[in-house]
Protein chains: 2
Amino acid sequence: MMQERNYNADDCIDNPKSVLSILTPKEKEFLKQNYTCAFYKKGEIIFKEGDKPLGLMILAEGKVKIFKEGVGGREQIVRMAKPVGFIGYRALFAEENHTATAVAIEDCVSCIVDKESVFRVMRSNADLSMSIIQSFASELGFSHARTVTLTQKHIRGRLAESLIFLKDTYGYEDDNKTIKIYLSREDVANLSNMTTSNAIRTLSTFAQEGVISIDGRKIRILDLPKLERISDLG
Amino acid sequence: MMQERNYNADDCIDNPKSVLSILTPKEKEFLKQNYTCAFYKKGEIIFKEGDKPLGLMILAEGKVKIFKEGVGGREQIVRMAKPVGFIGYRALFAEENHTATAVAIEDCVSCIVDKESVFRVMRSNADLSMSIIQSFASELGFSHARTVTLTQKHIRGRLAESLIFLKDTYGYEDDNKTIKIYLSREDVANLSNMTTSNAIRTLSTFAQEGVISIDGRKIRILDLPKLERISDLG
DNA sequence: ATCAAATTATGCTGTATAGCATGCAAAATT
DNA sequence: AATTTTGCATGCTATACAGCATAATTTGAT
């Protein structure tokens, strides 16, 4: 566990970007009485395949990858979380143990609201349930789309799509070009269903073609339309 | 549209297997006042990618495949529906147009409850919302698992898994061996992320090995443990 | 009953990509 | 500062699978 870094934990409930922002002040107050905070260093495991979900985790700070282990321990990243989003909620609401593992990509702060409190507020506020249903429905659509592209697109298309996905999820740095997340080549590969070698190779090719530029883990998108064309082409 | 075949449409709301069975008699009555029925012949399109969802469709009779079109029009089946289950509900609850196409595998009966009525009952009955959330959460877990196996397993493993999936979804005929759904080799291929040729070839191999027997579209599982081993092996 | 179209079956060829090996650079640990 | 570890880069080889062609069989339409 890392040191507290002046994080105001109540923010993850009040934050207007959160699904919880639709709650009444009273309901928010109730949740604030029933959460704890946890800190995770870069690389730390937040939860593991097989673990029992303890409550609703809200990622307050940092970035998290959620992946499944496949054939021969090969990782497939199924989701990338950002603040202020839920993590581990799928297993919680399915009343299952976790079927994926969450690892901090950066130092993270996470708030955990215990299960009973969440369920109580959901029963009192239909809007929250409706929002959660909508989130799940969108996420499921995304997952279906991902299944198709990961199975059908060629390496270039898959990588291009992943880069666009990362850009859409985390946005750009101030230069409006650098994707605001720094992944190892291995993680890029595990996101895109390819070997690390091929991720490295294909990133280099993209750089040679002037579509992106690479500086270590810093990836800058130089020609987004072309990247989109590569993704669409498949 | 096909002829009515003496189907008692109210059954799809009263059916104890349905998520709707948890509703109060009053709520059920309300839904029964607000649905219409539709009949589809084998091969007919129920809804198409891009269509706007009109309401909550309950598949009352028949079997339905839901698929997405990928690179070069190649189909990927993302779901197989059976009675009494919802169809097209993902798009409805995501407030999106359909992102997949549904086609009747057999002659089908479907009840459509209009959107407003569904949403009203959901707001009045938190248990229904909770059930729907749980369904979505399970389905999302299934989709993630599927993504991994479709990308990572080899052809034999993917086909074995698909056959087990079909058996788990539709069950056996009275002989306790024949999978209770009759798909074309093309559909089997589109479910398992492979070409039709390879589906045919691999089914033949399984038959030669005595794991299954094939008689046209009738597939009988002769050695389930072995089939599971092939699936787990990858 | 006849013909056309779709489905099933099988074989051959090409290629995308995995899998490995090797070298180098950067970072972390001592 | 020295050494170990980790990550990046690139080339070579093997192979799983797609893609196509052809033929046989079944299904559906007229």
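Below, read A as the first sequence line, B as the second, and so on, with proteins coming before strands; counting in each chain starts at 1.
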Distance, rounded to the nearest Å, where [X] contributes [atom1] and [N] contributes [atom2]:
{"X": "A:Leu203", "N": "D:dC8", "atom1": "CG", "atom2": "P", "value": "10 Å"}
{"X": "B:Lys42", "N": "D:dT27", "atom1": "NZ", "atom2": "C1'", "value": "10 Å"}
{"X": "B:Arg74", "N": "D:dC17", "atom1": "CZ", "atom2": "P", "value": "12 Å"}
{"X": "A:Lys218", "N": "C:dA26", "atom1": "NZ", "atom2": "C1'", "value": "16 Å"}
{"X": "A:Asp187", "N": "D:dT6", "atom1": "CG", "atom2": "P", "value": "15 Å"}
{"X": "B:His154", "N": "D:dA14", "atom1": "NE2", "atom2": "P", "value": "17 Å"}
{"X": "B:Gln208", "N": "C:dT10", "atom1": "CD", "atom2": "C1'", "value": "11 Å"}
{"X": "B:Asp215", "N": "D:dT25", "atom1": "CG", "atom2": "P", "value": "15 Å"}

Check your understanding: Which residue, B:Glu186 or B:Arg201, contacts DNA chain C at a nucleotide closer to its 5' end, judged by nearest heavy atom?
Key -> B:Glu186
Can we say [X] and [Y] salt-bridge, meaning some charged N sits less than 4.0 Å from an Asp/Glu carboxylate O?
{"X": "A:Glu75", "Y": "A:Lys68", "result": "no"}
{"X": "B:Lys42", "Y": "B:Glu106", "result": "no"}
{"X": "A:Glu95", "Y": "A:Lys115", "result": "yes"}
{"X": "B:Arg220", "Y": "B:Glu173", "result": "no"}

Report yes if a side-chain nitrogen or oxygen of [X] is closer than 4.0 Å to either non-bridging phosphate oxygen (OP1 or OP2) of [N]; otherwise report no.
{"X": "B:Arg156", "N": "D:dA16", "answer": "no"}
{"X": "B:Arg217", "N": "D:dT26", "answer": "no"}
{"X": "A:Arg185", "N": "D:dA9", "answer": "yes"}
{"X": "B:Thr195", "N": "D:dG19", "answer": "no"}

Practice item. Start with the C-alpha gap between A:Phe136 and A:Tyr89, add the side-chain angles, then the distance that decides, and say whether ring-ring contact (aromatic ring centres under 6.0 Å, His included) holds. Key: CA-CA 10 Å; A:Phe136 267 119; A:Tyr89 64 106; 5.1 Å; yes
Review point. For the base of C:dC20, is there a side-chain donor-acceptor partner from A:Ser197 under 3.5 Å away?
Key: yes
Exercise for review: Output the single nucleotide from D:dT10, C:dA9, C:dA18 whose closest atom is nearest the side chain of B:Ile200.
Suggested key: C:dA9
**Study point:** Minimum-distance nucleotide (side-chain atoms of A:Ser204 versus D:dT10, C:dT8, D:dA18)
**Key:** D:dT10
